[in-house]
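Chain A is the first sequence line, chain B the second, and so forth, proteins listed ahead of strands; every chain is numbered from 1. A quick note: this is a predicted structure, and the numbers were derived from the prediction, not measured. When reading the values below, keep in mind they use all heavy atoms of this one structure, side chains included, and skip hydrogens, waters and symmetry mates.
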Protein chains: 2
Amino acid sequence: MHESLTIGQLSARSGVAPSALRYYERLGLIRAERTGGNQRRYARTELRRVAFVRISQQVGVSLEEIREALDSLPSSRTPTPDDWAALSRAWRDRLDEKIRLLGKLRDDLDGCIGCGCLSLQRCTLYNPEDALAAEGPGARLMLARPGADAASD
Amino acid sequence: MHESLTIGQLSARSGVAPSALRYYERLGLIRAERTGGNQRRYARTELRRVAFVRISQQVGVSLEEIREALDSLPSSRTPTPDDWAALSRAWRDRLDEKIRLLGKLRDDLDGCIGCGCLSLQRCTLYNPEDALAAEGPGARLMLARPGADAASD
DNA sequence: CTGCGACCTGAAGCTCACTTCAACTCAAGG
DNA sequence: CCTTGAGTTGAAGTGAGCTTCAGGTCGCAG
């Protein structure tokens, strides 16, 4: 039907606000051609990119990481289903790992809080290396954990 | 040994920066007594609260929600292991739900991206109601999804 | 009682992921 | 040709979750 989509159309079809789409473009997550009058026109394949971005976000991946992942797609040609499949396999591993960690967290929570030992002992619950999902935003420079020993209470 | 902990000690034992502990106090997540000279002294049980906060954050819960959960603990007496167990049961449900959604996401990703249909159709992958983890920060006022229909490409 | 590190406060700064605004231009219908 | 809605930009604002800073105080060892 239409060769390309306006930003409004892409927004409506993806459910992502135009302002967010422009933001994504600045970050290099999606691309757009321009009309003579400087308006964005999106190839329909961009829809897939937007979908990938949003889905990945739901899994807790930052836009920067998503950008890196998308950079692995061939830029010279339109990505094939196989290209996307490779990408999503990598993402699948991420998901598996995240699920594994959440399951561990749940089991530990049962065993730990239940028994009253909830105090960051060897509880694994509190292992920063496990760096699960949901690393909030904000300045995160003071990461060094100096003496962090465990309490008995 | 010590009846109470200084902020430095609590920080060392919990691995949470003093500035963050003060921030948590402002939000009503933890409490502290004060010395004559206005310095904070923490009961050892606060360690458990801090642990609960950090663990919950890892699961993707906002500090505001964590505060609400902690408010359900008895304030008149020191929470018993049973009190904590009740709290963690509720959290466990959260975890179960989150795990379920991630699993769904993973399966959908396999079926969807793999087959090339990744374009927010009935893919469930793209269902905002599923509101998984990691709802990033930031203004989120433009949530209305007007016409959001699906594309065939 | 003097020094020094740990602590105090409030205000400002920072990152992420956006949104909002103002002032302007484009594009298509009547 | 004119209007009207959709699009453009850069700059500034928002909210979460902190950190950093300046300027001052506490508390303990010597």
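- Under the salt bridge (charged side-chain N to carboxylate O under 4.0 Å, His left out) criterion, B/E65 pairs with B/R94, sequence neighbours left out.
- Taking CG of B/L63 as the reference point, atom CZ of B/R26 lies at 11.5 Å (rounded to 0.5 Å).
- Looking at the side chain of B/R22, the nearest of the listed nucleotides D/dT19, C/dT9, D/dT8 is C/dT9.
- B/E64 meets the side chain to side chain contact (heavy atoms under 4.5 Å, CB included) test with B/S62, B/R67, B/E68; sequence neighbours excluded.
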Can you give me the N/O atom pairs linking the protein to nucleotides 28-30 of chain C at distances under 3.5 Å, or say none if there are none?
none

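- Here the nucleotide nearest the side chain of B/R54, chosen from D/dG17, D/dC18, C/dA17, is D/dC18.
- Within residues 24-35 of chain A, the residues having any heavy atom closer than 4.0 Å to DNA chain D are, in order of number, A/R34.
- When the C1' atom of C/dC26 is taken as reference, atom CG of A/N38 falls 10 Å away, rounded to whole Å.
- With sequence neighbours left out, the side-chain hydrogen bond (donor to acceptor under 3.5 Å, both in side chains) criterion links A/Y24 to A/R54, A/Q57.
- Using a 4.5 Å heavy-atom threshold, the side chains of B/R41 and B/T6 count as touching.
- The side chain to side chain contact (heavy atoms under 4.5 Å, CB included) check on A/L73 picks up A/R49, A/L70, A/P79, A/D83, A/W84, A/L87, with sequence neighbours excluded.
- Residues that satisfy the side chain to side chain contact (heavy atoms under 4.5 Å, CB included) test with B/R31, not counting sequence neighbours, are B/E46.
- With rounding to the nearest 0.5 angstrom, the CZ atom of B/F52 is 14.0 Å from the CD1 atom of B/I30.
- Contact between the side-chain N/O atoms of B/T6 and the OP1/OP2 oxygens of C/dC7 is found at a separation under 4.0 Å.
- Interatomic distance, B/R40 CZ to B/S4 OG, rounded to the nearest 0.5 Å: 13.5 Å.
- Listed pair A/Q57 / C/dC18 meets the phosphate criterion, a side-chain N or O lying under 4.0 Å from OP1 or OP2.
- Within the 4.5 Å cutoff, the side chain of A/L21 has heavy atoms near those of the A/Y42 side chain.
- One axis for each end of the helix from C/dC1-D/dG30 to C/dG30-D/dC1, each built from five base pairs, and the angle between them comes to 10° at 10° resolution.
- Residues from residues 64-72 of chain A that place a heavy atom under 4.0 Å from any atom of DNA chain C: there are none.
- Contacts of A/R92 classified as salt bridge (charged side-chain N to carboxylate O under 4.0 Å, His left out), with partners at least two apart in sequence or in another chain: A/D96, B/D110.
- Rounded to whole Å, the distance from OH on A/Y23 to C1' on D/dT9 is 17 Å.
- What you find for B/L10 and B/L47 is that their closest heavy atoms are CD1-CD1, 3.3 Å.
- Rounded to whole angstrom, the span from the CG atom of A/L21 across to the C1' atom of D/dT9 amounts to 16 Å.
- A distance of 13.5 Å separates OG1 of B/T78 from CZ of B/R44, quoted to the nearest 0.5 Å.
- One can place CG of B/L10 at 10 Å from P of C/dC7, the figure rounded to the nearest angstrom.
- Distance check: B/D71 CG to B/L29 CG gives 9.0 Å after rounding to the nearest 0.5 Å.
- Here the nucleotide nearest the side chain of B/I7, chosen from C/dC18, C/dC7, D/dT19, is C/dC7.
- For D/dT9, one of the phosphate oxygens OP1 or OP2 lies less than 4.0 angstrom from a side-chain nitrogen or oxygen of A/R40.
- The residue among B/A20 and B/G37 whose nearest nucleotide of DNA chain D is located toward the 5' end is B/A20.
- In the set D/dT19, C/dC7, C/dT19, C/dC7 carries the atom at the smallest distance from any side-chain atom of B/Q39.
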